[in-house]
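Take a look at the structure below.
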Protein chains: 2
Amino acid sequence: MKTKTIEKPQLSNIEPLLQKSNIRPTAMRILVYKFLLENEAAKALIDIENHFAKSDRTTLYRTIKTFEDKGIVHQIDDGTGTAKYALCEEGCNCEIETDLHLHFHCKICDETICLTDHKIPQINLPNGFSAENANLVIKGICDKCSC
Amino acid sequence: MKTKTIEKPQLSNIEPLLQKSNIRPTAMRILVYKFLLENEAAKALIDIENHFAKSDRTTLYRTIKTFEDKGIVHQIDDGTGTAKYALCEEGCNCEIETDLHLHFHCKICDETICLTDHKIPQINLPNGFSAENANLVIKGICDKCSC
DNA sequence: CTTGTTAATGCACTTCTGTTGCACTAACAT
DNA sequence: ATGTTAGTGCAACAGAAGTGCATTAACAAG
């Protein structure tokens, strides 16, 4: 399978990367960013809380909100009822709602991943309807669980 | 635009219709069914609660759950965070997860409707991924709000 | 028509996620 | 070094979803 090689930021580069997006690189923020970077799957707030058991729920909540506001993280609604978050790839335009990549939710491992290279196809709507944004979640079994 | 005429059940036919699906036609259930039938848009539990202010939340909650279990109502996750419910059309196979129609959420009137005639197009997934279900919500402005 | 069983209803309570107010503390520029 | 701004932690709240249990209604069998 031919997969596009995506240049992931190096762990050591997190600090300037945050600064580039006008986010003060506090210790907590660097750790949360690192956590998201190390995980392919999108994470829910509760996952981040569990990983940083010592930290306060609110801080993590606001950290993610900051990341989202500054456009380096996007929220995913995968139908499980709890919001997931994933780092935006380079050049992601999710903040202007035109980056219509789709998401895959595996019913075995219960993880949600971005299929960044797969865009949502054009949909013909009935007369009078105008689309501005779209959310497509495919559910099934992921590559890791299908052997 | 050429719209398919859908035969909606008559209000007077609700009782036998529920019985056909092995649902005891209690007064409450008939009213809830009628409410869903009279609304084009999918309704959240809170909408049903507000409409039947005299009734208990739990009863309405379990009524909808029953409808869902018996396959006459399907749940819609439109990204607003609260689940919406809509009657299944005749021949809807949502319970076996193959009825992949899409949903439209209007950001003006905040209503969600089923676009029953619009199916989700085939998506090519990466190797190793198998799809079983899909959920596509388009957000924008609906016909009623776009004048 | 009565009776017994099963299902539906209503109330109270709990859980989970998301969110805000406020005091305290750390970061950074001057 | 110091003052302002931003980040953190605690508590509390809000909304939706779900459960336990006692009461009541529905319905089939006698």
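Order of the sequence lines fixes the chain letters, A, B, ..., with proteins taken first and strands second; residue numbering starts at 1 for each chain. Everything quoted here is computed from the prediction, not taken from an experiment.
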ask   = Is any side-chain N of the basic residue among B:K43 and B:E111 closer than 4.0 Å to the acidic one's carboxylate O?
value =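 Salt bridge flag = yes for B:E111 with B:K43.
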Where the side chain of [X] is defined as all heavy atoms beyond and including C-beta, which of [options] is the nearest nucleotide?
X     : options                : result
B:T58 : D:dG20, D:dC27, D:dA16 : D:dG20
A:R24 : C:dG18, D:dA6, D:dT19  : D:dA6
A:T59 : D:dC10, D:dT8, C:dC11  : D:dT8

message = Assuming nearest nucleotide by heavy-atom distance, tell me which of B:A83 and B:Q19 is located more 5' along DNA chain D.
response =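 The residue mapped nearer the 5' terminus is B:A83.
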How many whole angstroms separate atom [atom1] of [X] from atom [atom2] of [N]?
X     : N      : atom1 : atom2 : answer
A:Y61 : D:dA11 : OH    : C1'   : 16 Å
B:R29 : C:dA7  : CZ    : P     : 11 Å
A:K65 : C:dT17 : NZ    : P     : 15 Å
B:E49 : C:dT9  : CD    : P     : 15 Å
A:M28 : C:dT25 : CE    : C1'   : 16 Å
A:K43 : C:dT17 : NZ    : C1'   : 18 Å
A:D56 : C:dA23 : CG    : C1'   : 13 Å
B:N50 : D:dG15 : CG    : P     : 12 Å

key: Sugar-phosphate, base or nothing in reach of A:T26, heavy atoms under 4.0 Å   =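 A:T26: backbone/sugar contact only, no base atoms under 4.0 Å.
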task = Check every strand shown and say whether B:K54 touches a base, only sugar-phosphate, or nothing at a heavy-atom separation below 4.0 Å.
result =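 Answer is nothing: B:K54 stays at 4.0 Å or more from every strand.
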What about [X]: does its side chain form a donor-acceptor pair under 3.5 Å with the base of [N]?
X     : N      : result
A:T82 : C:dC16 : no
A:R62 : D:dG9  : yes
B:R57 : D:dG18 : yes

request  = To the nearest 0.5 Å, tell me how far A:C142 SG sits from A:F104 CZ.
outcome  =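 So the SG of A:C142 and the CZ of A:F104 are separated by 6.5 Å.
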task = Verify the distance criterion only: is there a donor paired with an acceptor across the side chains of B:H105 and B:T112 at less than 3.5 Å?
result =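 Indeed, the side chains of B:H105 and B:T112 share at least one donor-acceptor pair under 3.5 Å.
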ask   = Do the side-chain N and O atoms of A:D77 and A:H103 include a donor-acceptor pair separated by under 3.5 angstrom?
value =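 No, no side-chain donor-acceptor pair sits under 3.5 Å.
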ask   = Any chance the rings of A:F67 and A:Y85 have centres within less than 6.0 Å?
value =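 Ring centroids of A:F67 and A:Y85 are no less than 6.0 Å from each other.
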